[in-house]
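Here's the structure, in C-alpha cells; my notes come after.
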Amino acid sequence: MSETDKKRRGRPEKDGARRNRVQIKMSDEELKMVQYVCENEENNMTNTILDAIRIKYNLLKSRN
C-alpha cells in the first residue's frame, strides 16, 4: 500500500455534496410561513428554502 492510500480514511467525497452550513434567524410568524409551505408541498425546510432562493436567483438573472 502506498503512503497516500494509507492516509485516506472515512467516507469518499461525493460530487455536489453539501458541505456548507448556513443558519438563519426568523420571527415566529416567518417560521409559521415556512412550516406552512413545507407541509403543503410535503418538503423539508432545507429544500423549501433552497427552492425559494433558486426562484429569486433565476428572476434576478433574467433581468440582467
Side-chain angles (χ1 to χ4, degrees):
M1 225 200 251
S2 70
E3 287 296 317
T4 56
D5 290 337
K6 289 180 185 177
K7 292 180 184 179
R8 291 182 182 217
R9 295 192 179 180
R11 292 184 178 174
E13 290 186 18
K14 292 182 183 177
D15 291 334
R18 292 180 175 166
R19 293 183 192 92
N20 302 306
R21 182 174 191 89
V22 176
Q23 292 181 324
I24 58 172
K25 291 183 179 183
M26 59 179 75
S27 68
D28 292 342
E29 186 176 325
E30 292 165 336
L31 179 60
K32 287 178 185 176
M33 288 190 290
V34 172
Q35 290 172 333
Y36 178 81
V37 172
C38 291
E39 290 170 6
N40 284 304
E41 292 187 350
E42 297 179 359
N43 212 349
N44 62 32
M45 276 195 197
T46 300
N47 289 336
T48 299
I49 293 170
L50 289 175
D51 287 345
I53 291 170
R54 280 187 206 99
I55 291 168
K56 183 69 172 188
Y57 176 82
N58 288 332
L59 283 171
L60 291 170
K61 289 293 276 188
S62 67
R63 289 184 187 168
N64 294 333

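Quick caveat, the model's predicted, so the values are computed rather than measured.
Note on Met26 and Ile53: same hydrophobic cluster, where clusters join Ile, Leu, Val, Met, Phe, Trp and Tyr whose side-chain heavy atoms are under 4.5 Å apart, directly or indirectly. Note on Leu31: it clusters hydrophobically with Ile49, by side-chain heavy-atom contacts below 4.5 Å among ILVMFWY residues. Val22 and Val34 end up in the same hydrophobic cluster when Ile, Leu, Val, Met, Phe, Trp and Tyr side chains are linked at under 4.5 Å. Two different hydrophobic clusters hold Leu50 and Ile55 under the rule that ILVMFWY side chains link at heavy-atom gaps under 4.5 Å.
Here CD of Glu41 is found 6.5 Å from CG of Asp51. Values are rounded to the nearest 0.5 Å. Between atom OG1 of residue Thr48 and atom CD of residue Glu39 there is a gap of 10.5 Å, rounded to the nearest 0.5 Å. With rounding to the nearest 0.5 angstrom, the CD atom of Glu30 is 9.5 Å from the CG atom of Asp28.
Counting heavy atoms from C-beta outward, Thr46 and Arg18 have side chains that approach closer than 4.5 Å.
The shortest heavy-atom contact between Arg19 and Glu13 is NH2-OE1, 3.3 Å.
Applying the 6.0 Å contact sphere to CG of Asn44 captures more than 12 heavy atoms from other residues, nucleotides or ligands.
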